[in-house]
Trainee: 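Pasting a structure here, questions to come.
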Amino acid sequence: QVQLVESGGGLVQAGGSLRLSCVASGGTSSSVSVGWFRQAPGEEREFVAHIDWSGARTHYVDFVKGRFTISRDNAKNTVYLQMNSLKPDGTAVYYCAAPLFGLPGTGTYEYSYWGQGTQVTVSS
């Protein structure tokens, strides 16, 4: 069983930056891949980025490429999402998630463990 706790959300102006953190505990938390998703009001939860257990492989959804960076520090059991050049449509609750094993794709159904989410609000 893996527990995930996100932090780092807040209110930022368009063009600004935030860094989200996801701390994993339990099970083999330093050996799991981690994904970031977001859910805007009235919308479905959507994939943002993921990273494999070693940090060597990452994948981003097209609309964040060049602006967001996912990374991890396994010594701290923490995965980060650095978000730059934020836009108002980035306003959402951001969740980190982990699969049972392997490096999953972009579907929410491929992830078994979820954090409680952290709110990001981007003002125009």
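The model shown is predicted, which means the values in this text are computed figures rather than measured ones.
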Trainee: What closest approach, in Å, do P99 and V32 show between heavy atoms, and which atom pair accounts for it?
Mentor: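 Smallest interatomic distance, heavy atoms only, reads O-CG1, 4.4 Å.
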Trainee: Working to the nearest 0.5 angstrom, can you tell me the gap between S124 OG and K87 NZ?
Mentor: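 NZ of K87 is found 14.0 Å from OG of S124.
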Trainee: Judged by atom type as modelled, is there a donor-acceptor pair below 3.5 Å linking the side chain of Q116 to the main-chain atoms of E6?
Mentor: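 Flag set: sc Q116 to bb E6 pair under 3.5 Å.
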Trainee: Mind running side chain to side chain contact (heavy atoms under 4.5 Å, CB included) on W114 and T108 for me, showing each step along the way?
Mentor: CA-CA 10 Å; W114 293 84; T108 56; 3.9 Å; yes
Trainee: Same cluster for L20 and V5 if Ile/Leu/Val/Met/Phe/Trp/Tyr side chains link at under 4.5 Å?
Mentor: no
Trainee: Is the charged tip of R72 near the ring of W53: under 6.0 Å from the six-membered ring centre and within 45° of its axis?
Mentor: no
Trainee: Over all heavy atoms of both residues, which pair between R67 and S85 is shortest? Give the atoms and the distance, please.
Mentor: NH1-O, 2.9 Å
Trainee: Could you tell me whether the side chain of S7 reaches within less than 4.5 Å of the side chain of T118, counting heavy atoms only?
Mentor: no
Trainee: With a 6.0 Å cut-off on the ring centroids, do H59 and F47 count as close?
Mentor: yes
Trainee: Classify the side-chain pair R19/Y80 by whether it contains a donor and acceptor separated by less than 3.5 Å.
Mentor: no
Trainee: Does V120 belong to the same Ile/Leu/Val/Met/Phe/Trp/Tyr cluster as L11, with side-chain heavy atoms less than 4.5 Å apart forming each link?
Mentor: no
Trainee: Do you see a donor-acceptor pair shorter than 3.5 Å between the side chains of D73 and T78?
Mentor: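 The answer is no; no qualifying pair exists.
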Trainee: May I ask you to decide if G105's main-chain N or O and E110's side chain share a donor-acceptor pair within less than 3.5 Å?
Mentor: yes
Trainee: Would T69 and Y60 satisfy side chain to side chain contact (heavy atoms under 4.5 Å, CB included), going step by step from the backbone distance to the final call?
Mentor: CA-CA 8 Å; T69 302; Y60 300 88; 3.8 Å; yes
Trainee: In this structure, are over 12 heavy atoms from other groups packed under 6.0 Å from F101 atom CZ?
Mentor: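 Atom CZ in F101 is not crowded, with 12 or fewer foreign heavy atoms closer than 6.0 Å.
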Trainee: For the atom pair OG (S17) and CE (M83), what is the distance rounded to the nearest 0.5 Å?
Mentor: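 Here the interatomic distance stands at 8.5 Å.
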Trainee: Is there a continuous path of hydrophobic side-chain contacts, each under 4.5 Å between heavy atoms, that joins L103 to I51?
Mentor: no
Trainee: Going only through I, L, V, M, F, W and Y residues with side-chain contacts under 4.5 Å, is there a path from Y94 to V23?
Mentor: no
Trainee: Using only atom types and a distance under 3.5 Å, with no angle test, would you say the side chain of T121 pairs donor to acceptor with the backbone of T91?
Mentor: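 Not at all, since once roles are kept as given, no pair shorter than 3.5 Å links the two residues.
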Trainee: Determine, stepwise, if the pair V61 / T106 fulfils side chain to side chain contact (heavy atoms under 4.5 Å, CB included).
Mentor: CA-CA 9 Å; V61 68; T106 62; over 6 Å; no
Trainee: Is there a side-chain contact between Y95 and R38 (heavy atoms, below 4.5 Å)?
Mentor: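 Result no, sub-4.5 Å side-chain heavy-atom pair not found.
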Trainee: Specify the closest pair of heavy atoms between V122 and G90, including all atoms of both residues, with the distance to one decimal.
Mentor: CG2-C, 4.3 Å
Trainee: Whether the side chain of D52 engages the backbone of S33 through a donor-acceptor N/O pair (distance < 3.5 Å, no angle test) should be reported.
Mentor: no
Trainee: Should F37 and E44 be marked as a side chain to side chain contact (heavy atoms under 4.5 Å, CB included) after you check the CA-CA gap, both sets of side-chain angles, and the distance that decides it?
Mentor: CA-CA 10 Å; F37 289 76; E44 294 188 352; over 6 Å; no
Trainee: Which heavy atom of L4 sits nearest to which heavy atom of C22, and what is that distance?
Mentor: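 Heavy atoms only, the tightest pair is CD2-SG, 3.9 Å.
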Trainee: Testing the basics here: between V93 and Q119, what is the closest heavy-atom pair and its distance to 0.1 Å?
Mentor: CG2-OE1, 3.3 Å
Trainee: Decide if the gap between the ring center of W36 and the ring center of F68 is smaller than 6.0 angstrom.
Mentor: no
Trainee: Between Y111 and H50, do the side chains contain an N or O donor and an N or O acceptor separated by less than 3.5 Å?
Mentor: yes
Trainee: Taking all non-hydrogen atoms of both residues, which atom of A14 and which atom of P88 are closest, and how far apart?
Mentor: CB-CD, 4.0 Å
